[in-house]
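Computed from a predicted structure; not experimentally measured. Letters go in sequence order (proteins before strands), and every chain restarts at 1.
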Protein chains: 2
Amino acid sequence: MPAIKSSRAEAVEAIMREFRNSGYDAASLARLSAATGLGKSSLYHYFPNGKEDMAKAAAARAVELVVEAVFEPLTGAGNLKARLQKTAAGLSKFYNGGKASCLVDLFTIGEAEAATPGLAKAMAEALLRAFAGAAEEAGHPKKQAKDIAERAVIEIEGALVLSRALRSTRPFQHMLARLPALLLTGA
Amino acid sequence: MPAIKSSRAEAVEAIMREFRNSGYDAASLARLSAATGLGKSSLYHYFPNGKEDMAKAAAARAVELVVEAVFEPLTGAGNLKARLQKTAAGLSKFYNGGKASCLVDLFTIGEAEAATPGLAKAMAEALLRAFAGAAEEAGHPKKQAKDIAERAVIEIEGALVLSRALRSTRPFQHMLARLPALLLTGA
DNA sequence: GTCTATAGTATGATAGAC
DNA sequence: GTCTATCATACTATAGAC
């Protein structure tokens, strides 16, 4: 079937960007309207439940993009270490080198949890699953792979927080450099 | 001099709690008023610039409390490993076992940065200095101590994010268990 | 120092014309 | 689908009485 030019998909992309820049509470309808170029009525046409629906769509899209960045490089060609470096590169792209934030963090703050219960938990679990898969691919037994995945997610989230606070991408880049070793050797 | 019963200090404590529970944007004056038991006018009496001043006071108090939890156990008696475990225990107390958030994270989201520029950066740097001191105390050369401190802060912030998202203190507790080893051996 | 009252603005959300 | 206009509510902040 022919590709339908979907302005909704474009809107979701812009909405995700806005949420990742502002967080849930500060991403007002006015800002989301400006970010998408759509009036409020159009936003409510695509997202009948307002911000709540927009947050869900943004979360779903973010998970899609992360899976593309984390999973697909792992199932490709090349040796394991090279593929893990591609994973790191994919993360760098998704998090804009450390300048963009993670919705797992932003959607656990303020009114977000009440508005979209369990959404951040689902995203975190998707991330953990992806990294546990990567660790298993690297040869670690299931239980150890889970621990490694937890540490990987912790390092990513923490590095993003610290980079944001220091207004420097250095902590994030530094963390990405040790990520392949963490997944390979668990250290 | 005799201790002056300061309702301002009590208010700061309650305000800090509210910011750490809600984040900057969702901590409305109504909530801060309810949390402190003070009317809006009283809040403006103590904090003439409103939320901005309250955020600064909350940040200053949080740094005080963390320094108490991180620094003081290190300069006390006992061998190094035991003192580092006290540090971990102090962190657990300050972050309520992983249930409370860190203002370094919350104050880099939404309107907070615009309202209190550099505040989160100053807090992050205070944390980094404290942990670099701990790592030097453990015998690491200055440059390596800085790297270890960066990893410690990353793990703390990341573990808090993940624990919040999963609604489980397990990642935070797990992280605290490996903190002393990280500061001692750098691994 | 704390209260009530309120200003002025922004918010999320909806109605109805086109 | 998109627009303008608008609702009711919440927000930060201030004024003035006590």
Under 4.0 angstrom, heavy atoms only, what part of the nucleic acid is Lys51(B) near: base, sugar-phosphate, or nothing? sugar-phosphate

Nearest-nucleotide pick for [X], side chain only, options being [options]:
X        : options                  : answer
Ser7(B)  : dG12(C), dA13(D), dT2(C) : dT2(C)
Leu38(A) : dC3(C), dT2(D), dG12(C)  : dT2(D)
Ser28(B) : dT2(C), dA13(C), dT12(D) : dT12(D)
Ser41(B) : dT14(C), dC11(D), dC3(C) : dC3(C)
Tyr44(B) : dT2(C), dT14(D), dG1(D)  : dT14(D)

Rounded off to whole Å, could you give me the [atom1]-to-[atom2] distance for the [X] and [N] pair?
X        : N       : atom1 : atom2 : result
Lys40(B) : dG8(C)  : NZ    : C1'   : 13 Å
Leu29(B) : dT9(C)  : CG    : P     : 17 Å
Arg31(B) : dT12(D) : CZ    : P     : 11 Å
Glu52(B) : dT14(D) : CD    : P     : 11 Å
Leu32(A) : dA13(C) : CG    : P     : 11 Å
Leu43(A) : dT4(D)  : CG    : P     : 14 Å
Tyr24(B) : dT12(D) : OH    : P     : 9 Å
Asp53(A) : dT14(C) : CG    : P     : 11 Å

Distance-only polar pair, side chains of Thr169(B) and Gln173(B), donor-acceptor under 3.5 Å: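 No.
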
Which atom of Leu179(B) lies closest to which atom of Ala152(B), heavy atoms considered: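 In this case the closest contact between Leu179(B) and Ala152(B) is CD2-CB, 4.0 Å.
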
Mind checking whether [X] and [Y] have side chains closer than 4.5 Å, heavy atoms only?
X         : Y         : answer
Leu183(A) : Phe131(A) : yes
Leu38(B)  : Tyr44(B)  : no
Leu162(B) : Glu157(A) : no

Which residue lies more 5' along DNA chain C, comparing Tyr46(B) with Gly50(A) via nearest heavy atoms: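 The answer here is Tyr46(B).
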
